Amino acid sequence: MSCWLVKSEPEAYSIDRLEREGRTMWEGVRNYQARNLMRDQMKVGELVLFHHSNADPPALVGIARVASAPYPDPTQFDPASKYFDAKATKEAPRWILVDLEFVERLPRPLPLAELKADPGLEGMELLRKGSRLSVQPVLDAHFQRVKELSASP
DNA sequence: GCCAACGTTGGC
DNA sequence: GCCAACGTTGGC
């Protein structure tokens with residue numbers, strides 16, 4: 001089992017909304033590396049840390065789970081969508097996504113500053129300066145450490 | 001609002 | 001294939 005991390009701006013799609021809706025298509029990812037992870041690596045049942053980016057403060061806020069096999073992101077075919085991609089066709093879709101389902105909120109949100117200060121999380125992609133990847137692999141040890149940190153006040 | 005660190009585009 | 005220009009992400 002691998003674990004993962006996704007970023008979302010709370011205004012675009014928040015942990016509150018995921019909790020309310022229970023499950024969602026992780027639409028709108030338009031980065032090839034992130035797409036490849038969803039297409040080739042993520043498996044149903046694997047756990048996903050949920051990060052609020054561009055938030056105040058930016059923080060890890062919850063846990064989700066991969067809930068589907070990969071399939072084409074329908075928004076790429078929709079001219080009315082802001083994620084529309086004129087170069088994508090149904091025969092040759094360009095963007096692939098998976099569904100995510102809500103698992104839990106972290107007992108308390110973990111602000112980025114706190115994560116950065118923890119030696120146990122050294123090397124985590126999220127903490128790398130300039131890191132922009134919106135779907136990332138997470139080491140099991142880092143995942144466990146996040147849960148630990150969040151469980152302590 | 002600033003800007004560093006990207007990724008993409010397109011001319012050549 | 002190179003690379004400059006440009007656009008975006010996202011922390012601060």
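This is a predicted model, so every value here is computed, not measured. Within every chain, numbering begins at 1; the chains are lettered A, B, ... in the order of the sequence lines, protein sequences first and strands thereafter. Side-chain atoms are counted along with the backbone in the values below, which use heavy atoms only and exclude waters and symmetry mates.
- Note: CD (A:Glu125) to C1' (C:dG10) measures 13 Å, nearest angstrom.
- A:Arg128 comes within 4.0 angstrom of the backbone, heavy atoms only, and of no base.
- Of the candidates C:dG10, B:dG7, C:dG11, B:dG7 carries the atom nearest the A:Asn31 side chain, counting heavy atoms from C-beta on.
- Shown here is A:Asp40, whose CG atom has more than 12 heavy atoms of other residues, nucleotides or ligands within 6.0 Å.
- Nucleic acid contact class of A:Leu133 (heavy atoms, under 4.0 Å, all strands): none.
- Taking 4.0 Å as the cut-off between side-chain N and carboxylate O, A:Arg108 and A:Glu114 count as a salt-bridged pair.
- Distances from the side chain of A:Asn54 to the nucleotides B:dG7, C:dG10, B:dA4 place C:dG10 closest.
- Ring centers of A:Trp95 and A:Tyr32: under 6.0 Å apart, within the cut-off.
- For A:Asp85 and B:dT8, the CG to P distance is 12 Å, given to the nearest whole Å.
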*Test salt bridge (Lys or Arg N to Asp or Glu O under 4.0 Å) on A:Arg30 and A:Asp73 and set out the steps.*
CA-CA 10 Å; A:Arg30 294 295 180 265; A:Asp73 181 342; 3.0 Å; yes
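- A:Trp4 has its side chain within reach of A:Gln41: a pair of non-hydrogen atoms, C-beta onward, lies under 4.5 Å apart.
- Of the residues near DNA chain B, A:Lys87 and A:Gln33, the one whose nearest nucleotide (by heavy atom distance) lies more toward the 5' end is A:Gln33.
- Between the CZ atom of A:Arg30 and the C1' atom of C:dT8 there is a distance of 14 Å, rounded to whole Å.
- When the P atom of B:dG7 is taken as reference, atom CH2 of A:Trp95 falls 12 Å away, rounded to whole Å.
- The phosphate of C:dT9 has neither OP1 nor OP2 within less than 4.0 Å of any side-chain N or O from A:His51.
- Ranking C:dG10, B:dT8, B:dA4 by closeness to the A:Lys7 side chain, first place goes to C:dG10.
- Between the CD atom of A:Glu9 and the C1' atom of C:dT8 there is a distance of 11 Å, rounded to whole Å.
- Among the nucleotides B:dT8, C:dG11, C:dG10, the one closest to the side chain of A:Tyr32 is B:dT8.
- Remark: C1' of C:dG11 and CG of A:Leu60 are 14 Å apart, rounded to the nearest angstrom.
- Taking the side chain of A:Lys116 as heavy atoms from C-beta on, and the options C:dG10, B:dA5, C:dC12, the nearest nucleotide is C:dC12.
- As rounded to whole Å, 7 Å separates atom P of C:dG11 from atom CG of A:Leu126.
- When the P atom of C:dT9 is taken as reference, atom NE2 of A:His52 falls 17 Å away, rounded to whole Å.
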